[in-house]
There are 2 protein chains.
Amino acid sequence: MPRAPQDVTDAELAILQRLWDEGPSSVRILAERSYGKCNASQHATVQKLLERLEAKGCVRRDRSTWPHTFSSAIGRDELIGRQLQQTADKLCAGSLQPLISHLVRSAKLSEEDRQSLRGVLANLVEENKKNAKK
Amino acid sequence: MPRAPQDVTDAELAILQRLWDEGPSSVRILAERSYGKCNASQHATVQKLLERLEAKGCVRRDRSTWPHTFSSAIGRDELIGRQLQQTADKLCAGSLQPLISHLVRSAKLSEEDRQSLRGVLANLVEENKKNAKK
DNA sequence: TGCATTTCAGACAGCACGTCTGCATCATAG
DNA sequence: CTATGATGCAGACGTGCTGTCTGAAATGCA
């Protein structure tokens with residue numbers, strides 16, 4: 001049984017983080033921020049990672065500029081969701097509920113965290129009522 | 001930069017699931033449940049996976065019986081926690097809070113789910129008050 | 001003792017992933 | 001237009017993980 005490739009690799013993630021933090025960039029900018037005074041092969045490495053990220057739909061490439069400008073196609077939050085769904089698939093038959101209850105039970109929540117959670121829950125109840133009405 | 005090995009591999013996880021579902025077992029039982037009428041090499045494969053799981057502290061081996069009896073050393077919930085912490089480390093600088101808020105916001109929660117969540121939250125508040133008192 | 005089962009150590013192939021090389025392409029200066 | 005330097009692109013490579021497999025030693029039993 002062959003192994004399944006990861007959706008976003010560690011090195012790829014490092015690039016994504018930079019795009020999230022610093023916005024659209026060229027390959028050179030990204031490479032220099034990562035390596036500092038990058039040489040040719042390091043430059044090519046970053047380019048390859050971007051190419052793979054683009055193939056995975058995680059990065060957009062603007063070919064109208066020169067050099068090309070890369071920007072993230074998914075947000076941090078979206079990637080979090082994918083990762084969570086992945087662990088849910090592996091460990092909970094796809095259900096996210098066990099993850100939630102685990103987190104709420106085990107995580108050290110600050111008072112603000114609990115407040116915001118209660119708020120979100122209340123909103124959910126509201127929306128639910130609306131949906132039920134119509 | 002070398003890649004980091006996974007903590008629990010897919011094939012290893014399949015073995016763990018069986019131990020969780022069916023309790024302590026011998027290698028043969030596990031192999032037959034996985035392959036059905038397993039041959040020698042499949043038997044050895046399961047053995048190797050158990051050996052690696054033991055090295056990772058996920059499986060206990062009782063060498064006083066013959067054949068050895070294997071049982072899971074960690075629960076499903078504990079592994080969930082490890083996975084969650086891992087994604088938190090990668091995407092949220094180690095904080096679990098963003099994971100919680102993402103789940104509560106995005107997941108399709110049933111009415112019971114929300115009820116139980118509210119209950120857990122209330123309990124947390126209670127405990128917090130107690131801790132604050134003493 | 002002979003036989004079947006299990007354990008153990010190690011080898012192996014396939015592949016993911018990060019890296020690197022060579023060449024084509026483009027923009028700009030002179 | 002040509003020279004020059006930066007960039008894009010396609011593909012190869014090494015390392016090491018992962019699942020699988022082989023062979024021999026160890027164990028229990030008739």
Side-chain angles (χ1 to χ4, degrees), chain A residues 1-19 24-56 58-71 79 83 86 90, chain B residues 1-19 24-56 58-71 79 83 86 90:
Chain A
M1 188 207 297
R3 272 158 297 150
Q6 291 181 242
D7 58 342
V8 174
T9 273
D10 283 354
E12 290 167 1
L13 179 58
I15 302 293
L16 258 188
Q17 305 262 19
R18 244 161 236 295
L19 287 176
S25 311
S26 69
V27 177
R28 176 149 305 279
I29 301 296
L30 291 168
E32 283 181 355
R33 291 238 207 284
S34 299
Y35 296 98
K37 285 296 166 194
C38 68
N39 59 28
S41 49
Q42 292 168 333
H43 182 94
T45 295
V46 173
Q47 182 126 4
K48 175 66 71 178
L49 293 174
L50 284 166
E51 176 188 321
R52 289 173 181 167
L53 279 169
E54 188 189 12
K56 292 174 183 177
C58 299
V59 153
R60 260 188 302 269
R61 179 200 299 243
D62 182 358
R63 295 169 192 270
S64 69
T65 67
W66 208 92
H68 294 177
T69 301
F70 295 85
S71 57
L79 192 54
Q83 295 293 121
Q86 211 166 297
K90 281 190 183 180
Chain B
M1 188 206 296
R3 277 157 292 149
Q6 293 181 241
D7 58 342
V8 173
T9 273
D10 283 354
E12 289 167 2
L13 180 58
I15 302 292
L16 257 188
Q17 303 262 19
R18 243 161 237 295
L19 287 177
S25 310
S26 68
V27 177
R28 177 149 303 275
I29 301 295
L30 291 168
E32 284 181 353
R33 291 237 209 283
S34 298
Y35 296 97
K37 285 296 165 193
C38 68
N39 60 27
S41 50
Q42 292 168 334
H43 183 94
T45 295
V46 173
Q47 183 124 5
K48 176 65 70 179
L49 293 174
L50 284 166
E51 176 187 322
R52 288 175 182 167
L53 279 169
E54 187 189 12
K56 292 174 183 176
C58 300
V59 152
R60 260 187 303 270
R61 179 199 299 240
D62 182 357
R63 294 171 193 268
S64 69
T65 67
W66 205 89
H68 293 175
T69 301
F70 295 84
S71 56
L79 193 55
Q83 295 294 120
Q86 212 167 296
K90 281 191 181 179

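Throughout, a chain's letter reflects where its sequence line sits, starting with A, and its residues are numbered from 1. Bear in mind the structure is a predicted one, so any value in this text is a computation, not a measurement.
- Atom CD1 of Ile29(B) and atom P of dT7(C) are 12 Å apart (whole Å).
- Within 4.0 Å (heavy atoms only), His68(A) reaches sugar-phosphate atoms of the nucleic acid but no base atom.
- Between the CD atom of Gln47(B) and the C1' atom of dT5(C) there is a distance of 11 Å, rounded to whole Å.
- At a cut-off of 3.5 angstrom, counting only N and O atoms as typed in the model, there is a donor on one side and an acceptor on the other between the side-chain of Arg3(B) and the base of dT15(D).
- Among dT18(D), dC8(C), dT27(D), the nucleotide with an atom closest to any side-chain atom of Trp66(B) is dT27(D).
- Atom P of nucleotide dC17(C) and atom CG of Asp10(A) are separated by 9 Å, given to the nearest angstrom.
- Each of Leu49(A) and Ala44(B) was matched to the nucleotide of DNA chain C holding its nearest heavy atom; the match closer to the 5' end belongs to Ala44(B).
- Side-chain contact of Arg18(B) with Ser25(B): a donor-acceptor pair under 3.5 Å is absent, judged by distance alone.
- Residues Arg63(B) and His68(B) have side chains that never bring a donor and an acceptor to within less than 3.5 angstrom of each other.
- Applying the 4.0 Å criterion to OP1 and OP2 of dC20(C), one finds that Gln42(A) has every side-chain N and O outside that range.
- Applying the 3.5 Å distance criterion, the base of dC17(C) shares no donor-acceptor pair with the side chain of Arg52(A).
- Glu32(B) has its CD atom 12 Å from the C1' atom of dT5(C), to the nearest Å.
- Interface remark: the Lys48(A) side chain does not form any donor-acceptor pair with the dG8(D) base, using a distance-only criterion of under 3.5 Å.
- The CZ-C1' distance, from Phe70(B) to dT6(C), rounds to 10 Å in whole Å.
- Rounded to whole Å, the distance from CD1 on Ile15(A) to P on dC17(C) is 15 Å.
- Rounded to whole angstrom, the span from the CD atom of Glu51(B) across to the C1' atom of dT7(C) amounts to 10 Å.
- His43(B) places its NE2 atom 14 Å from the P atom of dC21(D), with the value rounded to the nearest Å.
- Close to dC9(D), at under 4.0 Å from its OP1 or OP2, lies a side-chain N or O of Arg63(A).
- Toward the 5′ end of DNA chain D lies the nearest nucleotide of Lys56(B), the other residue of the pair Lys56(B) and Ser41(B) mapping further downstream.
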